[in-house]
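Take a look at the structure below.
Just so it is clear: chains get the letters A, B, ... in the order the sequence lines come, proteins before strands, and each one is counted from 1.
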Number of protein chains: 2
Amino acid sequence: MKLLPLHERIRTDIESQILSGAIGPGDKIASESGLMEVYGCARMTVNKALSRLSAAGLVDRRTKAGTFVAKRPNEMMVLDVPDLPVEIVRRGQAYRYRMIQRLERAASPHDEEEQRFAERGRLLFVSGVHIADDQPFAYEERLVSLNAVPEIAGADFTSEPPGSWLLRHIPWTEAENRIGAVGASAQSAEILHIPTGAACLTIDRRTWRGEKYVTHVHQQFVAGRYDLVARFGAVQRGS
Amino acid sequence: MKLLPLHERIRTDIESQILSGAIGPGDKIASESGLMEVYGCARMTVNKALSRLSAAGLVDRRTKAGTFVAKRPNEMMVLDVPDLPVEIVRRGQAYRYRMIQRLERAASPHDEEEQRFAERGRLLFVSGVHIADDQPFAYEERLVSLNAVPEIAGADFTSEPPGSWLLRHIPWTEAENRIGAVGASAQSAEILHIPTGAACLTIDRRTWRGEKYVTHVHQQFVAGRYDLVARFGAVQRGS
DNA sequence: CAGTGGTCTAGACCACTGA
DNA sequence: CAGTGGTCTAGACCACTGA
């Protein structure tokens with residue numbers, strides 16, 4: 001039985017009142033000076049608790065007016081997008097990667113995104129398949145800017161996916177994920193051992209390092225073999 | 001040109017050093033007392049900046065050892081899962097909802113999840129289609145626990161989707177989203193005006209209020225007509 | 001104009017843990 | 001044991017805004 005710091009106790013007290021419905025959207029919460037008396041503590045302590053609730057989107061604070069339960073749940077869901085090898089091993093399956101194609105080429109003159117991406121340099125294209133327990137799990141195609149990551153030219157991707165290499169070498173990034181669905185093309189259907197046109201979940205991830213556009217990966221998952229889970233709830237990220 | 005509070009300036013200073021790669025994963029950051037001298041401020045001020053960076057996952061703090069740039073980017077992506085009518089209108093399209101079926105029934109004796117869900121009460125089942133500019137956009141099936149939300153029995157869902165009604169009446173929730181893909185069944189294919197088996201993006205969302213399991217909705221989106229976007233980056237949630 | 005939240009100070013004691 | 005972060009205090013001044 002570990003004792004919570006006081007500001008955590010105040011925060012969880014208010015949080016549970018909100019989540020239980022005891023106080024509802026728009027309701028006013030006691031002021032900082034009010035809570036100081038209730039908990040017999042300094043103002044900085046209640047301020048810390050309320051600031052965290054505000055950062056988490058559970059309350060709105062307005063100078064002079066007071067602190068109010070936020071009108072709607074935070075619409076932001078937290079989505080876990082893990083490294084595929086890690087995810088597969090975590091499921092207790094054997095992970096394997098097989099490269100299909102690798103080539104260096106210039107950016108397509110017709111593709112504006114590739115132009116910006118390459119920054120007048122060349123691009124590395126790698127396609128391959130992620131395999132879990134000898135069953136094809138996901139097909140992926142990746143483009144890497146050789147301008148942004150020149151060292152990658154010498155890396156070996158016959159059995160290690162470029163994503164893992166990049167995670168080790170380009171650690172800090174900004175990323176955008178786009179999640180959709182598509183019917184498998186003849187080519188990817190053959191690789192994934194499914195009928196042409198069968199439904200696949202797709203993830204397109206673009207990654208930057210600072211201002212530099214590093215890589216774009218397109219992954220196709222056989223429908224039902226992989227789901228993404230996002231959760232929003234009372235459990236916020238710790239301090 | 002608005003002046004940032006000092007703790008925000010300290011936070012963004014360190015944040016940009018991390019995101020630019022000037023300091024890398026595992027590197028040690030100046031201690032609180034060191035930063036006090038650099039910025040000529042009190043310890044609480046640098047503590048606030050560093051605590052926020054820690055909460056955002058950009059640094060790890062260890063008592064006695066110091067503060068370090070976190071080993072890997074936070075794998076949590078922020079996913080925006082908005083209300084469908086709002087989303088469609090925001091795209092500049094006309095929104096319409098058409099109910100297909102509505103019925104009240106007992107929980108299936110063979111479905112353990114439904115049993116827990118209903119808590120020995122009855123369930124409301126509503127299916128319908130979301131329409132954007134006269135084109136079917138998403139098919140949805142929803143179950144609502146009448147035990148958790150008795151008021152919903154009297155609501156009219158012929159042209160308003162139950163999700164919007166619930167947002168207005170059951171405002172604070174915990175939710176889990178599961179995102180996948182599926183080939184359209186004969187029934188949903190007809191409703192969505194697509195061939196049977198065509199790829200669809202699916203979202204399954206389960207919502208609680210406190211401990212009470214309120215609703216489960218299954219939505220199918222025609223592939224390509226709707227993508228989910230998740231982003232991780234330098235821009236953290238404000239205070 | 002009174003009360004609120006936003007910010008900041010200059011201290012304090014503590015637990016922890018690497019050297 | 002020295003230095004670190006975690007927490008907390010008891011003040012302070014400020015901008016803002018609803019009554």
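Taking only distance into account, the side chain of A/Arg62 never meets the base of C/dG6 through a donor-acceptor pair shorter than 3.5 Å.
Taking atom CD of B/Glu37 as the reference point, atom C1' of C/dA10 lies 15 Å away to the nearest angstrom. With rounding to whole Å, A/Met44 atom CE is found 13 Å from D/dG6 atom C1'. In this entry the distance linking CZ of B/Arg43 with P of C/dC14 reads 14 Å, nearest Å. One atom, CD of A/Glu32, and another, P of C/dC8, lie 15 Å apart when rounded to the nearest Å. The distance between atom NZ of B/Lys28 and atom P of C/dG18, rounded to the nearest whole Å, is 11 Å. A/Asn47 has its CG atom 16 Å from the P atom of D/dA10, to the nearest Å.
Side chains of A/Asn147 and A/Ser145: no donor on one and acceptor on the other come within 3.5 Å.
The main-chain N or O of A/Thr12 is found under 3.5 Å from a side-chain atom of A/Ser16 such that the two form a donor-acceptor pair.
Regarding contacts with the backbone of D/dT4, a side-chain N or O of B/Ser33 is found under 4.0 angstrom from either OP1 or OP2. In this structure, B/Thr67 does not reach the D/dT4 phosphate: none of its side-chain N or O atoms is under 4.0 Å from OP1 or OP2. Contact annotation: B/Ser31 side-chain N/O to D/dG3 OP1/OP2 distance is not under 4.0 Å. Considering only side-chain N and O atoms, A/Thr45 lies under 4.0 angstrom from the phosphate OP1 or OP2 of D/dT9.
The side-chain contact (heavy atoms from CB on, under 4.5 Å) test with B/Val144 is passed by exactly one of B/Thr207, B/Val217, B/Ile152, B/Val126: B/Ile152.
Secondary structure note: stems in DNA chain D built from 3 or more consecutive Watson-Crick or G-U wobble pairs under 3.5 Å occupy C:1-18 with D:1-18.
In this structure, the side chains of A/Thr45 and A/Lys48 stay at 4.5 Å or more apart for every pair of heavy atoms.
A cation-pi arrangement, defined by a distance under 6.0 Å to the six-membered ring centre and an angle within 45 degrees of its axis, is absent between A/Arg206 and A/Tyr213.
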